[in-house]
Each structure stands twice: as C-alpha cells, then as structure tokens.
Number of protein chains: 2
Amino acid sequence: MNILYDDVADAVKWISSFGGLEQGGSTRLLYTTEWLAAQNALKEKLTQIGMDTYFDDVGNLYGRFEGSKYKEQVIMSGSHVDTVVNGGKLDGQLGIIAAMLAMKYLKENYGQPLRSLELISMAEEEGSRFPYVFWGSKNVFAIANNDDVATIQDNNGIKFVDAMSSCGFKFNSQKARTDIKAFLELHIEQGGVLEREQKSIGVVTSIVGQRRYNVRLVGEANHAGTTPMSYRKDAIYTFSRICHESINKAIKIGDPLVLTFGHVDPKPNVVNVVPGEVMFTIDCRHTDQAELKKFTEELEADMLGIAKQLGLEIEINRWMDELPIPMDDQLIKMLKDICQQENLSYRVMHSGAGHDSQIFAPRVPTAMLFVPSIKGISHNPAEDTKTEDLVEGIKALTYALYQLAYQE
Amino acid sequence: MNILYDDVADAVKWISSFGGLEQGGSTRLLYTTEWLAAQNALKEKLTQIGMDTYFDDVGNLYGRFEGSKYKEQVIMSGSHVDTVVNGGKLDGQLGIIAAMLAMKYLKENYGQPLRSLELISMAEEEGSRFPYVFWGSKNVFAIANNDDVATIQDNNGIKFVDAMSSCGFKFNSQKARTDIKAFLELHIEQGGVLEREQKSIGVVTSIVGQRRYNVRLVGEANHAGTTPMSYRKDAIYTFSRICHESINKAIKIGDPLVLTFGHVDPKPNVVNVVPGEVMFTIDCRHTDQAELKKFTEELEADMLGIAKQLGLEIEINRWMDELPIPMDDQLIKMLKDICQQENLSYRVMHSGAGHDSQIFAPRVPTAMLFVPSIKGISHNPAEDTKTEDLVEGIKALTYALYQLAYQE
C-alpha cells in the first residue's frame with residue numbers, strides 16, 4: 001500500500017499550522033478564528049480531492065464520496081479539530097488527516113466506493129474554551145442539549161452562542177444521523193504502552209469509565225512548633241494516609257484500574273503551620289463498571305473512616321461518573337485480522353482517555369486505532385509520534401475502510 | 001499585688017493601636033511609620049513613669065530605673081515591638097507592656113531598685129519585612145552582622161539600610177552589652193497546652209531546636225487515564241508515603257518531638273495528570289539536639305530510600321538548623337517557687353516557637369514566662385488571651401523582677 005511517509009508528515013504539518021505555536025503544537029479553541037480557518041481550509045482540501053463537502057448547523061465539517069450501490073450506508077471516519085490550550089499537533093486532528101489520506105488513497109486506487117465514505121472533522125471535543133465537552137459528536141446524534149450551552153461563557157466572558165454565531169453557525173436543529181453503518185477513529189494513544197512494547201498500532205477494545213471527586217478535609221491550622229502531635233488535626237497528614245493507602249490498593253489490583261490524586265491544595269500552605277485544610281482531587285478509571293464502582297465505593301468508605309478516626313471533617317463530592325464504553329466486537333475482530341494479515345505490529349488495548357468514539361459507540365458500530373505517543377506525552381507542544389508509526393496506523397485504517405466501503 | 005485588670009487591658013489596647021487593623025490585631029513591620037510611632041510613643045510613656053529612656057543605634061528602645069547599689073547590674077525584661085503582617089495584639093508587644101506595668105508597679109511601691117531595672121522594646125524579631133530575624137536582640141550583643149543586611153530589600157524593593165535610615169537609625173557600632181545580670185521575657189504561648197490544661201502561666205525550661213527542609217521530588221507527569229499504575233513515577237504518591245510514614249513515627253515518639261509537612265506544591269496540579277513533581281517543606285523540632293539530629297537523619301535516609309525504591313529523583317535541602325536553647329536553671333527554679341508561693345496556676349513546659357530569649361540565653365541568665373493563647377491562635381488578628389491570665393502572668397513577672405532587682 002502506497003501511503004507515503006512525506007504525504008503524512010506534510011499533512012500533519014499543514015493542519016497544525018492553523019493556530020500553530022512557535023514551540024510546535026497548536027492552540028485552536030472552538031469557534032475562534034484559528035478554528036474557523038482550519039475548518040475552511042479542510043473544506044477546500046476535501047473539495048480538491050473530489051469530495052462533496054458540507055457543514056452541519058454547529059460547524060461539524062463533512063467530506064463525502066457517495067457510494068455507488070449503498071449510498072445510504074455511511075462508513076465514517078474522523079476526529080475533532082479543536083485542541084487544548086498549548087496542545088500538540090496530533091490530538092484530534094490526526095484522525096482527520098488520517099481519514100483524508102485513507103479516503104483519497106481509496107478513491108484514487110479503487111474509484112467510487114459501494115457504500116458512502118464520509119470524513120468528519122468534528123467541531124469540538126476537549127472542552128478547553130467553554131465548560132462543555134463532546135459538542136461535535138453529540139450534535140451528530142442530536143443529543144447535545146442547546147440549553148446546556150445557552151448561557152455558558154469562555155474565560156473572557158464571551159458567550160458560547162455568540163462565538164458560534166460569529167463563525168456563521170447556530171444551535172442544532174438537525175436530526176440525529178441514522179445512516180452511519182460504522183465509525184472508525186484513529187487517535188494517538190496519549191500513554192506510553194505502545195512505545196514501551198514497541199508496537200505501532202493499538203486496537204482499542206473499550207474506553208474506560210471514570211469517576212472524579214473533589215474532596216475537602218477540614219482539620220485545624222496550628223503552630224508547627226507549639227502544637228504537640230497528639231493535639232493536631234493535620235489535614236496533610238490525613239490526606240497523605242488516604243493517598244498512600246489507596247494507591248497501594250490500586251497498585252495491588254493493577255491494570256486496568258488507575259487511580260490519581262492529581263490536585264492537592266493545602267491551607268495555609270506555609271512551612272511552620274500545621275495544614276488546617278486541604279482540597280484534593282481523585283481520578284479513578286476502569287474498563288469494568290462493576291469494578292470501578294466497587295473500588296471507588298471502598299475508597300469513599302476508607303476516606304470517611306480515616307477522617308473520622310483522625311477527627312477531621314470531610315466532604316466527598318463525586319462530580320463525574322462516566323460509564324466504560326466497549327467498542328464493537330466485529331470491528332475489533334476486523335482490525336485485528338487486518339493487522340495480522342498485513343503484518344502490522346499491533347496490540348489489543350483499552351483507552352484510558354475519553355474520545356469522540358465514546359459518543360458514537362453506544363449508537364453505531366464503532367472502533368478505534370491508536371498510534372504510539374512518544375514518551376506518552378500529549379496535550380503539550382512536545383506531543384509526537386514517529387512518522388513511520390503514523391503511516392502504519394493510516395495503512396490499517398485504509399484497509400479497514402476498504403473492507404467496509406468497497407466490499408459487499 | 002495590685003496589678004489592675006483594667007490597666008492591663010488598656011495598655012494592650014493602646015500598644016496595638018499602632019498599626020492597628022480594623023479586624024483587631026496589628027501590622028507593624030520594622031522601620032515603618034507605624035513601627036516608629038509605637039517606639040516613640042513607648043519612649044514617651046516610659047519617660048512619663050520616670051524612666052531614663054534611650055534608643056541604641058538600630059532602634060532598640062530602653063527604659064531604665066537606675067539601681068541604687070548595683071547600678072552596673074541590669075535586670076532586663078521586654079520583647080519585640082514588630083509584628084507579622086496581619087498579626088495579633090500580643091505577640092511580642094505583650095512582653096513590653098508586661099515589663100512596663102511590672103516595673104512601674106515596683107517603682108511606685110518599692111522605690112528605687114538595688115540593681116538597675118531595664119525595659120527593652122526590641123526593634124525586630126519576626127523577619128516579616130526583610131529576610132532577617134532577631135535583628136533587635138542580636139544587636140544587644142553585637143552579633144548582628146551588618147553585611148548580612150547591607151543589600152537586603154523588602155517586597156517593595158526598599159533597602160533595609162534606607163528604611164533604617166528613614167527612621168533615624170544606622171548600622172550598629174555599639175559594643176555588646178555585658179552588664180545584663182538577668183533577662184526575663186513574658187510572651188504568649190502560641191500553642192494550646194496551657195488552655196487545655198487550664199493553667200495561667202507556663203514556666204519555660206527551654207526553646208526547641210528546629211531543622212527545616214525544602215524537599216523536591218521529581219518523577220514523571222503522565223496522563224491519569226493512559227498510564228498504568230506500574231509505569232508511574234507519581235510524585236504525590238511518593239510524598240504521601242514519606243509524610244504518612246514519617247508522621248506515624250513522630251506520633252509514636254511523641255512530646256517534645258513535632259514534625260510538620262506544612263507546604264506542598266505539586267506540579268502540574270490538575271485532576272487528570274499524574275503529578276510529575278512536588279516541592280514540600282519539613283519542619284522538625286525537639287528540645288534535645290541529639291534526639292532532633294537522630295530523628296531527622298533517619299528521616300533523610302528514609303526519604304532517600306523511598307525515592308530510590310519508587311524511581312524518583314530527590315533533592316533534600318536543609319536550610320535551617322537551630323540548636324535547642326535551655327533557659328537558666330536558677331531562674332526557672334525562682335519562677336517555679338514564685339508560682340507555688342503566690343498560688344499562681346502554672347506548669348513547666350518548653351517553647352515550641354523561637355523567641356528573643358534564645359539570643360539572650362547563651363549569653364546571660366535568661367528565662368521566659370508564657371500566658372495561654374486562646375485556641376492556640378497567634379500570628380492572626382484573632383490572637384487573644386484572657387485578661388485575667390495576662391494579669392497572672394504579669395504578677396509572676398513582677399515578683400521575679402522584685403527578687404532580682406530589689407533583694408540582695
């Protein structure tokens with residue numbers, strides 16, 4: 001298969017120039033001028049390769065090669081065009097570039113497909129400008145609630161609805177897509193598993209469920225010199241016991257469970273005062289909802305018990321509870337078979353991060369392909385993948401789209 | 001003894017009005033207009049009660065009742081006049097007010113002392129404006145190094161030397177005082193021991209030694225979802241193990257050892273990233289230098305071992321190592337005897353905080369009296385002590401000064 005190294009490298013370079021940063025990577029937030037420039041340039045590029053292109057109401061961009069025999073059956077691929085602030089050159093947009101190169105290759109080599117091939121460049125996934133995520137994919141299925149974004153603003157006080165309007169888009173009035181027969185998303189892993197195992201491709205079996213918490217411990221701020229150990233209600237000591245014991249448990253259980261205490265904010269946070277208060281976060285993920293529930297419920301009980309024993313008040317606020325999302329079994333099998341037949345270096349794995357595919361998967365047959373992230377870095381200008389791995393990933397995607405769109 | 005409740009309450013109210021805050025308490029930093037106003041007002045007040053008053057080169061204020069028989073033997077009492085930012089109404093200045101009321105009482109009731117009685121209102125102890133502590137007491141003994149403050153500045157870029165000069169003071173050229181026969185300092189406890197034990201007076205046996213550290217752990221920041229537990233170099237987990245295990249040890253050892261992890265600063269400190277780095281502080285205190293050394297050396301070794309085991313880099317920077325300072329045995333015995341004879345409610349205790357007395361004690365016989373801190377609060381506008389406890393403390397000080405200055 002003739003997916004060219006230089007074509008891939010050039011396409012990544014081209015797309016990341018919209019909102020491009022000096023230090024590499026991009027900042028391309030929803031409904032900004034950089035975002036609109038990228039969508040318009042993609043539209044032009046897709047038109048050039050012969051696709052019919054159109055935007056939906058909210059700014060999802062589509063490029064379509066209509067099927068000759070089953071045009072009402074759509075084989076779709078793509079990802080989101082927005083980035084985080086100081087994001088990389090691959091997260092999201094790689095899935096768009098990959099679909100473009102794969103579909104272009106198929107059209108040039110095999111002509112019109114039997115089923116319709118559609119590329120999607122989704123408006124938004126990251127939630128980096130406005131406090132709302134999956135705006136793009138949710139609008140594909142008409143499950144985004146206009147009311148949820150009617151009053152939200154960005155950090156500069158600009159309303160979501162005004163930003164959308166300034167780009168020429170408006171609230172979704174379209175109907176849910178019911179013609180999608182399969183959705184494939186190629187994405188960077190954003191972890192270090194493929195690199196460590198020297199694999200080029202990850203075939204994703206499921207996206208983890210996640211629960212997130214804010215926890216506040218309230219003890220007593222005291223003088224670090226004049227307060228005997230036995231009088232203390234030390235919030236950082238209490239936090240450290242919770243963190244130490246809970247992570248020890250998580251390590252013992254191991255894959256696919258992960259547990260992170262990412263944010264810790266003690267008060268007053270000075271060298272010579274016993275911390276009287278601490279706010280910390282918990283992020284816990286697992287591919288199995290029952291296991292996730294069991295572990296986090298034990299964790300909640302442990303925290304309550306430790307706080308009570310040490311005489312501190314505790315508030316536990318679970319503000320995220322996302323279910324694990326399995327990918328489609330048949331598509332997983334197809335991707336594995338392709339990797340084996342074409343001698344591509346791959347492993348089966350889950351996704352520890354959320355993706356647009358988790359919105360698609362409950363509604364249409366969906367699968368994901370990962371390519372390695374160098375040092376596991378993402379959401380950062382240093383985010384990178386070897387071009388030879390990108391080529392391998394796009395090859396797998398191309399074979400899969402061929403089977404889905406060109407074969408009876 | 002006729003130490004009047006109202007006189008004490010009025011004097012505290014009066015002194016705390018210089019740099020007084022709306023919410024109570026004071027901010028009176030070294031060489032500010034508030035500071036100068038307080039020293040000048042004190043000078044006037046001391047003159048009014050018949051003292052000879054004078055400033056030394058750097059702004060320590062003295063008030064003196066010359067002795068009739070042993071005028072070259074000085075019995076000194078006082079404390080520091082500066083406060084922290086948003087400080088209380090007692091820390092430091094209570095010791096000045098107490099000495100003033102005690103000496104005034106003695107002069108009025110017993111006339112001229114045999115030995116000279118001297119009050120000292122020391123320029124500075126807190127280090128709250130400039131990065132230098134004990135400027136006042138160190139200048140009494142000519143051990144402050146002018147070079148150390150020659151270039152330091154406050155947060156507004158004002159040089160120490162210029163601030164000093166603006167108040168009419170200059171670098172120390174005086175000689176160390178060699179005429180001080182005894183120094184007594186009355187101070188608030190700044191802890192909760194006296195209040196819990198319902199005692200009015202603490203007779204201080206020693207001031208703790210303290211070691212302080214900055215510790216930096218460097219692991220790897222990773223995606224909280226895509227990084228298996230076994231791949232992580234989690235700085236907050238490593239910190240939490242160190243903090244949990246070390247404080248457990250300190251609790252087991254107990255008084256007078258105290259151990260505090262007061263400041264914790266993880267990076268990047270967001271919910272969905274495994275913390276790659278953390279800077280934290282350790283404050284460890286004990287009245288016995290050998291015990292302090294033993295505990296902290298074990299702690300250092302434990303931290304190195306834990307970091308090595310978990311694959312993180314660690315930098316341990318011990319930036320403070322102050323020796324414990326014992327108070328004078330004879331003065332301790334005298335204070336205990338007074339409390340017993342006069343039926344004052346007291347206990348013997350150590351000081352977990354640093355005080356001017358630690359500069360005096362290695363050079364002249366020195367002792368301290370504590371009065372309770374309500375809820376242990378200090379360095380805060382809520383800092384307070386019941387006036388009846390203040391009266392008891394000042395009574396003890398007065399009896400002690402009488403014995404030292406009026407008896408053969």
Side-chain angles (χ1 to χ4, degrees), chain A residues 189-193 196 208 210 212 214 220 222-231 234 236-237 239-245 247-248 250-251 253-266 268-275 278 281-283 285 351-354 373 376 378-379, chain B residues 189-193 196 208 210 212 214 220 222-231 234 236-237 239-245 247-248 250-251 253-266 268-275 278 281-283 285 351-354 373 376 378-379:
Chain A
E189 179 195 343
Q190 304 181 268
V193 174
R196 286 198 183 215
V208 290
Q210 40 183 310
R212 292 190 189 171
N214 283 356
E220 266 179 28
N222 285 121
H223 191 295
T226 61
T227 315
M229 297 311 284
S230 58
Y231 288 6
D234 181 340
I236 270 292
Y237 168 62
F239 161 78
S240 74
R241 182 170 157 194
I242 289 168
C243 177
H244 181 211
E245 293 181 355
I247 289 188
N248 280 351
I251 290 170
I253 294 169
D255 283 348
L257 177 72
V258 286
L259 177 66
T260 305
F261 293 75
H263 178 88
V264 187
D265 181 20
N269 210 24
V270 293
V271 58
N272 57 349
V273 179
V274 180
V278 62
T281 61
I282 300 174
D283 176 314
R285 309 190 193 192
S351 171
S373 293
S378 79
H379 284 193
Chain B
E189 179 195 343
Q190 304 180 270
V193 174
R196 285 199 183 213
V208 290
Q210 38 183 312
R212 292 190 189 170
N214 283 356
E220 266 179 28
N222 285 122
H223 192 295
T226 61
T227 314
M229 298 311 284
S230 58
Y231 288 5
D234 181 339
I236 270 294
Y237 168 61
F239 161 78
S240 74
R241 181 168 158 196
I242 289 169
C243 177
H244 182 211
E245 292 182 354
I247 290 188
N248 280 352
I251 290 170
I253 294 170
D255 284 348
L257 177 72
V258 287
L259 178 66
T260 305
F261 293 75
H263 178 88
V264 187
D265 180 20
N269 211 23
V270 293
V271 58
N272 57 350
V273 179
V274 180
V278 61
T281 60
I282 300 174
D283 176 315
R285 309 189 192 191
S351 171
S373 292
S378 80
H379 284 192

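Just the heavy atoms: all of them, side chains too, but no hydrogens, waters or symmetry mates, feed the values below. In what follows, every chain begins at residue 1, and chains take the letters A, B, ... in the order their sequences are listed. Small disclaimer: the values here were computed from a predicted structure and weren't measured.
Only the side chain of A:E245 comes within less than 4.5 Å of a heavy atom of chain B; its backbone N, CA, C and O stay farther away. Proximity to chain B (any heavy atom under 4.5 Å) is shown, for A:R241, by both the backbone and the side chain. Residue contact with chain A, scored on non-hydrogen atoms closer than 4.5 Å, involves the side chain of B:P266 exclusively. For a residue to count as touching a neighbouring chain, one of its non-hydrogen atoms must lie under 4.5 Å from one of that chain's; by this rule B:D265 does not touch chain A. Using a 4.5 Å cut-off between heavy atoms, B:R212 touches chain A through its side chain atoms alone. Using a 4.5 Å cut-off between heavy atoms, B:D234 touches chain A through its side chain atoms alone.
Between chain A and the residues B:N214, B:N222, B:I236, the most heavy-atom pairs under 4.5 angstrom are made by B:I236. Annotation: maximal heavy-atom pairing with chain B below 4.5 Å, among A:S230, A:G352, A:S240, occurs at A:S240. Looking only at heavy-atom pairs under 4.5 Å with chain B, the residue among A:E189, A:E220, A:R196 that has the most is A:R196. Counting heavy-atom pairs closer than 4.5 Å to chain A, the top-ranked of the candidates B:V208, B:V278, B:I251 is B:I251. Of all the listed residues (B:I242, B:D255, B:V274, B:V270), the one sharing the greatest number of non-hydrogen pairs under 4.5 Å with chain A is B:V270. Chain A forms more heavy-atom pairs under 4.5 Å with one residue of B:L257, B:T227, B:N269, B:T260 than with any other, namely B:N269. The choice from B:I253, B:L259, B:V273 that makes the most heavy-atom pairs within less than 4.5 Å of chain A is B:L259.
In this pair, A:Y237 and B:H244 present their aromatic rings tilted. The plane angle is within the 30 to 60° band.
When all heavy atoms of B:M229 and A:I247 are compared, the pair lying nearest together is CE-CG2, 3.8 Å. The minimum heavy-atom distance linking B:T226 with A:G191 is given by the pair OG1-CA, 3.2 Å. Nearest approach of B:Q190 to A:H223, heavy atoms of both residues: O-CB, 3.4 Å. Here the closest heavy-atom approach between residue B:V271 and residue A:I282 is recorded as CG2-O, 4.4 Å. The two atoms that bring A:P275 and B:F261 nearest to each other are CG-O, 3.5 Å, heavy atoms only. Nearest heavy atoms, B:A224 versus A:V258: O-CG2, 3.4 Å.
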